[in-house]
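Right, one structure below, let's go through it.
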Number of protein chains: 2
Amino acid sequence: MKTHRYTHARPSVSIDCAVFGYGDGLLKLLLIRRAADPYKGKWALPGGFIHEDEASDHTVSRVLFDKAGVKRVFFEQLYTFTSTNRDPRGWVISVAHYALVKSAGHQPVAGKGAEEARWFDVKELPSLAFDHKNIVQTAMNRLKGKVRYQPVGFELLPVKFSLTELQQLYEAILETALDKRNFRKKILGMGLLRELGEKQVNVAHKAAKLYRFDAVKYKELTNKGFHFEL
Amino acid sequence: MKTHRYTHARPSVSIDCAVFGYGDGLLKLLLIRRAADPYKGKWALPGGFIHEDEASDHTVSRVLFDKAGVKRVFFEQLYTFTSTNRDPRGWVISVAHYALVKSAGHQPVAGKGAEEARWFDVKELPSLAFDHKNIVQTAMNRLKGKVRYQPVGFELLPVKFSLTELQQLYEAILETALDKRNFRKKILGMGLLRELGEKQVNVAHKAAKLYRFDAVKYKELTNKGFHFEL
DNA sequence: ACTTCTTAGTGTATTTTTTACACTTTATGT
DNA sequence: ACATAAAGTGTAAAAAATACACTAAGAAGT
C-alpha cells in the first residue's frame, strides 16, 4: 500500500452498477441477493470496492464479471454517492454506473458474494440494500434521457433486430406509445441502420427484415455535426 | 477516525470544481495559482480533500469559500476521475463538479493554498495542474449540453437582466450566433421570465426592460410535463 | 386449397415549429 | 437638432412533427 504524505482520513470507495437488460418486451434490471452482511439476503446492485490503484472502469468490468458473470458490456459513470450514512460499515463512497447488456433472455450467474442473481422487471423491483433504490432511480432517469439523444438503445438489443423490436424497446424505456410509421420514417431517415437482407426465422407470421446499427456511420455523421435524436 | 472492518486500501478523495462566470460578453473560468507543491505556482481548479464523514456537496461549498471566497453558488456533480496516475502524491480520486456564479465582474479572493485567484476567458486558459485540463473540457461540454435543456444559464447572470444580455450569454456558451427575434419569441413564449417593469440605467442608448427568471413558475410547469428547451 | 390469424410494411394531408429577414423606437452624447 | 447605439417588433416560407388505415406476407389450422 502506497504511503500518503497527507494525513486525511480516507473513505472506502466502491462502485455499484445498475445493469439493464431487455426481454419479453420489458426493461429489466439485474440484481443479486447478498450472501453476506450487511443486508445479507437482500437484493442489491452488483458492486464492490475499488482495488488499490485501479481505475473505476476496471473495477466495474471486474465486478460485473465476478458477481454476475456479465462480460464486455456497455457502461458509463452515473453519479457518485457520498452520503455519510449510506453504508452501515462506515464511510463508503460509491461511484455508481449503469450498464446495458444485450438480451436479458438467459439467466445471469450468481458469483462471488451473491446467493442468487436474476432479472427483475423494472416495474416490479423488490426492496433493495443500502441506498440502491436511489441509485436505480437515478439510473432509470439517466437512461430515459440518454436514449433520446444518443444511440445507446442498440446496446440492449441483439446485433440483428427488426424495426418493431427497436420500437418496442423505446416504448418500454420511454414509457410511451410511438407511432409505427413515424418511428420508422425517423429512424431510417438517419441512415444509421444497415439493412441486412435477412429476415426473422421461426416466427408465426410475416417475417420482418433485420437491421443492424452502423456504429462507423454514426461516428462519421457525428463528426459532421449530426445529432442523434429520437 | 472510524474503524473499517474491511482492509481494502483506500484512496484519498478530493473534489475539484470548474467555476464558470460571465462578464464582458465572455464565458470565464475561475482558477487559482497553487501555493504549494505539487504543481506549485501552476494554475489549477479550486479543489480539496473530502473531510471525514463529509458529503461531497459540503466539501464543495467549503472549498469554494476557503480557496476562492465564493459563496452560495449553484453547483452540480460532473464526473469522478479515477485514473491512478492523476496525482503525483499517490492514489487520489477526484469527484469533479462545475459551478455557476453570478457575475464574473469583481476579482475573486485568493484563499488558503492559493497564491492568486482570477478569472480567465475560457478561450485563453493557461496550462493547468493535474488532469485539470481534462476536467475543464468535460465541464465545458456538460455546460454546453445542459444550458439547452435546463434553465441553468440564469445562474450566470445577475438577478435582473435584459433579453439581450441573456442572448449574448447563450451565444457565448453555445459558440453560435442566435437570431434576436426568434430568441425572444422562444424564451418569452415559455413564460418563465417575469418582466420587472424596470429598465436599465446609465446606458448610452435606449434602456432595455429588465426581467428575472421565475423559478417557482418553472417548477410548476415542470410538474405539468413542461421541458425547457432552447 | 382455402381460410384465419398475426404482424410487417407503406404514404399523405394537416398542424406545428423553425427559420430567415429589416425597419422603427427610444434614449444618450455632442 | 443631429448622430449614435441598442431595443423592440411581425410575417412569410420552409421544415419537421403528427395523425391516421389499409394491403402484403407468411404460418397455422381446417
Side-chain angles (χ1 to χ4, degrees), chain A residues 22-26 147-149 157-158 160-172 174-212 221 224-230, chain B residues 22-26 147-149 157-158 160-172 174-212 221 224-230:
Chain A
Y22 175 70
D24 314 317
L26 299 171
V147 91
R148 294 190 49 198
Y149 64 92
L157 288 178
K160 302 175 183 186
F161 53 84
S162 71
L163 293 180
T164 300
E165 284 163 353
L166 184 63
Q167 181 180 342
Q168 287 171 346
L169 168 67
Y170 273 92
E171 291 178 331
L174 299 174
E175 301 178 281
T176 45
L178 301 172
D179 179 89
K180 186 157 110 175
R181 281 181 284 194
N182 294 338
F183 179 82
R184 283 161 183 245
K185 207 185 307 173
K186 192 154 187 181
I187 200 87
L188 289 176
M190 293 184 198
L192 294 174
L193 299 187
R194 236 184 30 240
E195 197 179 320
L196 292 171
E198 294 175 57
K199 295 195 167 190
Q200 290 177 318
V201 288
N202 299 329
V203 285
H205 50 77
K206 179 173 176 181
K209 292 181 189 170
L210 295 177
Y211 295 81
R212 66 179 295 162
L221 289 173
K224 286 182 194 153
F226 166 82
H227 286 272
F228 181 90
E229 193 181 333
L230 200 104
Chain B
Y22 175 70
D24 314 318
L26 299 170
V147 90
R148 294 191 48 200
Y149 65 92
L157 289 177
K160 302 175 183 186
F161 52 84
S162 72
L163 292 181
T164 299
E165 284 163 354
L166 183 63
Q167 181 179 342
Q168 287 171 346
L169 168 67
Y170 272 92
E171 290 178 333
L174 298 174
E175 300 177 284
T176 46
L178 300 172
D179 179 88
K180 186 155 109 176
R181 283 181 283 195
N182 294 338
F183 179 81
R184 284 161 183 243
K185 207 186 307 173
K186 194 154 187 180
I187 199 88
L188 288 176
M190 293 184 198
L192 294 174
L193 298 187
R194 239 187 24 242
E195 198 178 319
L196 293 170
E198 294 175 57
K199 295 195 166 189
Q200 290 176 319
V201 288
N202 300 329
V203 284
H205 50 77
K206 178 172 176 180
K209 292 181 189 170
L210 295 177
Y211 295 81
R212 66 179 294 163
L221 289 173
K224 286 182 196 154
F226 166 82
H227 285 273
F228 180 90
E229 193 181 333
L230 200 104

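Throughout, a chain's letter reflects where its sequence line sits, starting with A, and its residues are numbered from 1. Note that the coordinates shown come from a computational prediction; the quantities given were computed from them, not determined experimentally.
Of all the residues in residues 176-188 of chain B, B:Asp179, B:Arg181, B:Asn182, B:Lys185, B:Lys186 reach under 4.0 Å from DNA chain C with at least one non-hydrogen atom. If you check residues 198-206 of chain B against DNA chain D, the residues with a heavy atom closer than 4.0 Å are B:His205, B:Lys206, listed by number.
We find the OH-NE2 distance between B:Tyr149 and B:His227 to be 11.5 Å, quoted to the nearest 0.5 Å. To the nearest 0.5 Å, the span separating CG on B:Leu157 from OH on B:Tyr211 amounts to 14.0 Å. Interatomic distance, CD of B:Gln200 versus CD of B:Glu165, reported as 5.5 Å (0.5 Å rounding). In this structure, CE in A:Met190 is found 4.5 Å from CZ in A:Phe228, a value given to the nearest 0.5 Å.
Following rounding to the nearest Å, B:Glu195 (CD) and D:dT9 (C1') show an atom-to-atom distance of 14 Å. Straight-line distance from the CG atom of A:Leu163 to the C1' atom of C:dT10: 12 Å, rounded to whole Å. Atom NZ in B:Lys209 sits about 10 Å away from atom C1' in D:dT9, given to the nearest Å. The distance between atom CD of B:Glu229 and atom P of C:dT16, rounded to the nearest whole Å, is 18 Å.
Shown here for A:Glu171 and A:Leu178, the closest heavy-atom pair between the two residues is OE2-N, 2.8 Å. Residues B:Leu169 and B:Tyr22 share a closest heavy-atom pair of N-OH, 3.4 Å.
The closest donor-acceptor contact from the side chain of A:Asp179 to the backbone of A:Arg181 lies under 3.5 Å.
OP1 or OP2 of D:dA7 lies within a sub-4.0 Å distance of a side-chain N or O belonging to B:Thr164.
The existence of a salt bridge linking B:Lys209 and B:Glu198 is excluded, since no basic side-chain nitrogen approaches an acidic carboxylate oxygen closer than 4.0 Å.
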